[in-house]
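Here the structure comes first, spelled out in structure tokens, and everything after it is commentary.
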Amino acid sequence: MLELFAQLTVNGLVSGSLFALLAISFGVILGTTRTFHFAHGIVYTAAAYGAYAFAEGLSLPLWLGVVLAVVIAVLLGVGIEVFVYQPLRRLYASPLTVLIASLGVLIIVENAIAIFFSTDAKIISGFPSRLIVLGGVAFTTLHLSTVLVSWALFFILLLYLYGTKTGKAMRGVATSPEMAEIVGIDTRRVFVGAFAIGSALAAPAAILYTLDKGATPDMGVTAVLMAAIAVIVGGVGSLPGAALGGMMIGLARNWGIWLVPSEWQSAIAFGILLLVILFRPTGLFGVKLRKAEV
Amino acid sequence: MLLGVREVVAGYGKKTVLHRISLEVGEEEIVAMIGHNGAGKTTLLRTIFGVLHPREGEIHYRGARIDGRRSALNVRDGIAFVPQGHGVFPDLSVLENLELGAHTVQKAEVADRLEAVYSLFPILGERHRQQAGTLSGGQQQMLALGMALVLRPQLLLLDEPSLGLAPFLVQRVLEAVVEINRRFKTTILLVEQNVRQALQVARRVYVIKVGQVVYTGAPESLAQMQKLWQLF
Amino acid sequence: MRKWIAFITALLGLGAIPAYGAETYKIGAILAMTGPGAYYGRVMSRGPLLAIEEINAKGGIDGMKLELVIEDHKSGQPKEGVSAINKLVNIDKVPFILTSYSAPTLAAYPIAAEHKVLMLNGGGWSPDLVGKAYLFNNRMVGSYLGQVIAEHVFRRGARKLAMIYRNDPSGITVRDHVRPFWEKLGGTVVATEVHELGATDYAAQLAKIKAARPDAVATWSYGKDLGFIVKQARDIGITVPLVGIDWTPDGQAVAGAAMEGYEYASDYLDPDSKEPWTARFIQDYKKKYGEAPDFYAANYYEGVYILAELIKEVKQKGGTPQSGDQLRQALLAKRKFASVYGGTITFNDDGTSAKPVAIFEVKGGKPTVKTLVK
């Protein structure tokens, strides 16, 4: 029993790290621009398929495929901001309208990918993964890399937001867009920057997942849902909260299957969300979103 | 003349608040706008700053037209705005607030300017790590002023700087306003509800009523002041 | 005048002679042309196309050429199977259909029975495909294969078995047949996990299986799913033998080195066979498609030749080969046909057939024959 618990914990830490990365990629965008960017899921998927197309389809080296996948993700994410959300904001569209538009983009691009690549799972080879066994617990070098890469990116993001001028400006916009305007920050450019960073972070998450478990056209929907839940659980506006939310979901999903049949894994995350919303609606580290003033 | 507002019409949605209003502010002047709530004082400040754009009329600054521009450009050209009710980033520290205030300032100059703000408002220096939202009302107002000051603005727009402050703090703030004008040669246009306080600092006064100027002048005599009360 | 009458009569006479050789015989096929199982559709269509090409090159059957009409059930959707058979029966009017996958076949069957269309399944392995008058199988049933491989690991000493199966009739019925079979042998089933078709994340199921400490893990899954299961099982540290009832190059590509040592029971197509027909089929298939055929391609190739035999039988007795009913009678009368596996295939009353079956082991990324059964 203890062995199962240990294995589940390791599984949970690995998938939790990936969820944490996904959560901060989504959280940067939501926190800074107040946009519920559901289409982030398809940026994730596009990055996976981009890496697949370059690394497997064109037989380019894996690192090059990764770089190109990041480029694709950023172009797609920023493109959606510029061509979908900006026009909607100019027209004072309601948040519901924006959400529906975002969902629409997700569905259209997902179907395009399914038609072009077909729906069977695509794998990317080229990452030499070795098995590591400690005690009775097993994981691979890919799993280890997932944990390291996710947390490295998290710290790099924090360094950017707390240590650079543009990073601080982004935090300023996140906490009060009106005040940002007053001190002369170009909020439009900061919004684009947030989408670029968020999309760029989604790419490695997508590729790490694909190297382990393959890419399918619908992978983005689950990903963005888990990311959103993690951000809400951790508290909108707090990136450490989002990362922690991601870890919690990863661990809960794995510990949970001890108690519930494995088919119910996804339901566990929603269960946590429900608890948090009921008892602590602003999330664990939530910062209350302020209404527009001035 | 540093700032000229000519026949400006502006408002929110269908509602028009400013009805062909005109005023002028000269270099290094301190000018006050007084009037009832809803007269349009805040709206005018926001229109000058650029977060609101006029439907008609022109705004001139340093000889060039600036109406319709994005406010960020005005900040770059030396206009600072301190909004009503503690315009700070509440979740960030005092230092981070000041740093963001200095967002458009050249990196080499920032340290000096921060020092100047601390010398004017020492309490900000003591509490530079404190989260801005946890400061007292008066301290937040000083911070808001400090954030505008790091810009070394040519034109400072203040919206009710003494609102909600205890009397002795109001004195502090008004003294700071005068000091800013004296030390940095900053032109100041401020909005005040309290006529007495407005007259303490301002050399000229505009009385705004229903989006228009109904009186302007530098009241020296009591009689003129009484006339002022009547209009108000 | 008389010359004109003779000339016109001759012209009319010419018109009365029936046109020679324009008749084609349409065969229907319902395969997984799109979706996660697209691999199967690909190979299952190649077999018949090669067979038809060979037969038509020899002039067809008494001058009658064969034509294949392929419909897509989108990797096993019953709804699509029904649409497919409706089209084949009502528009193309085929008397014979090559079908695949248990779920769409079962959904389409009532329509076949109603219109007396003969179906031949070379792919699906659900025991539900047995005992239907108009459905015959030249593919071994999954539950039988499951028992074969289970017995194999039992004889090697395994007593605790873990199972992971696909959540549909084919997976479920294998689970339901093997479990009592294993227990009757004297073993115990220590874990039973289920997965959806097309799933790629098996961490949860495999963690539970690992914790149950089985002597062997059996997978009633196939295609790429099998590949993911095998790979992730090894990645989570499961070192005991992995066995199953299917293997495809697609799944091999996903699992890579993890697939080494995996054993499975399946219809036995010996790639190195010395049998003349088998060797020739493998060679021609390789030449035409650039890769060696698997037994699925062989089953469907064989299916066309079985049909050709049936058509000949019916014609010999003076019947109409376009009648599915008569084709069926011919099949029940003849029973034994030459099999491309070598030797013969014999059909039973209940629609099952007897064919060579073997246990394969994956070595160096390719299946090799370990032992022959029956």
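Lettering follows sequence order; numbering is per chain, from 1.
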At a heavy-atom separation under 4.5 Å, does A:Thr216 approach chain C through its side chain, its backbone, both, or neither?
side chain
If you draw a 6.0 Å radius around NZ in C:Lys79, do more than 12 non-hydrogen atoms from other residues or ligands fall strictly inside?
no
Identify which of C:Phe228, C:Tyr202, C:Tyr39 forms the greatest number of heavy-atom pairs closer than 4.5 Å to chain A.
C:Phe228
Counting only N and O atoms by type, is there a donor-acceptor contact under 3.5 Å from the side chain of C:Lys210 to the main-chain atoms of A:Leu4?
no
Quick one: closest heavy-atom pair of C:Asp235 and A:Asp212, and the distance?
OD2-OD1, 4.4 Å
Are the side chain of C:Thr200 and the backbone N or O of A:Lys213 linked by a donor-acceptor pair below 3.5 Å?
yes
Check the surroundings of atom NZ in C:Lys74: do more than 12 heavy atoms from other residues, nucleotides or ligands lie under 6.0 Å from it?
no
Residues passing the salt bridge (charged side-chain N to carboxylate O under 4.0 Å, His left out) test with A:Glu56, sequence neighbours excluded, are none
C:Gly256, C:Pro36, C:Ser75, C:Gly237: which one forms the most heavy-atom pairs within less than 4.5 Å of chain A?
C:Pro36
Using non-hydrogen atoms only, which part of C:Ala38 is less than 4.5 Å away from chain A: side chain, backbone, both, or neither?
neither
A:Leu8 side, atom CG; C:Ile236 side, atom CD1 - distance, nearest 0.5 Å
7.5 Å
Kindly indicate, with the supporting measurements, whether the criterion side-chain contact (heavy atoms from CB on, under 4.5 Å) is fulfilled by C:Arg234 and A:Leu131.
CA-CA 8 Å; C:Arg234 296 299 183 216; A:Leu131 186 67; 5.9 Å; no
Given that the side chain runs from C-beta out, which part of C:Gln232 has a heavy atom under 4.5 Å from chain A: side chain, backbone, both or neither?
side chain
Residues, nucleotides or ligands: over 12 heavy atoms within 6.0 Å of C:Arg156 CZ:
yes
Name the member of A:Ile123, A:Val137, A:Val133, A:Ile132 that forms the most heavy-atom pairs with chain C at distances under 4.5 Å.
A:Ile123
Measure A:Val10 against the heavy atoms of chain C and call it side chain, backbone, both or neither at under 4.5 Å.
neither
Spatial distance of atom CG (C:Leu206) from atom CD (A:Gln7) [nearest 0.5 Å]
10.0 Å
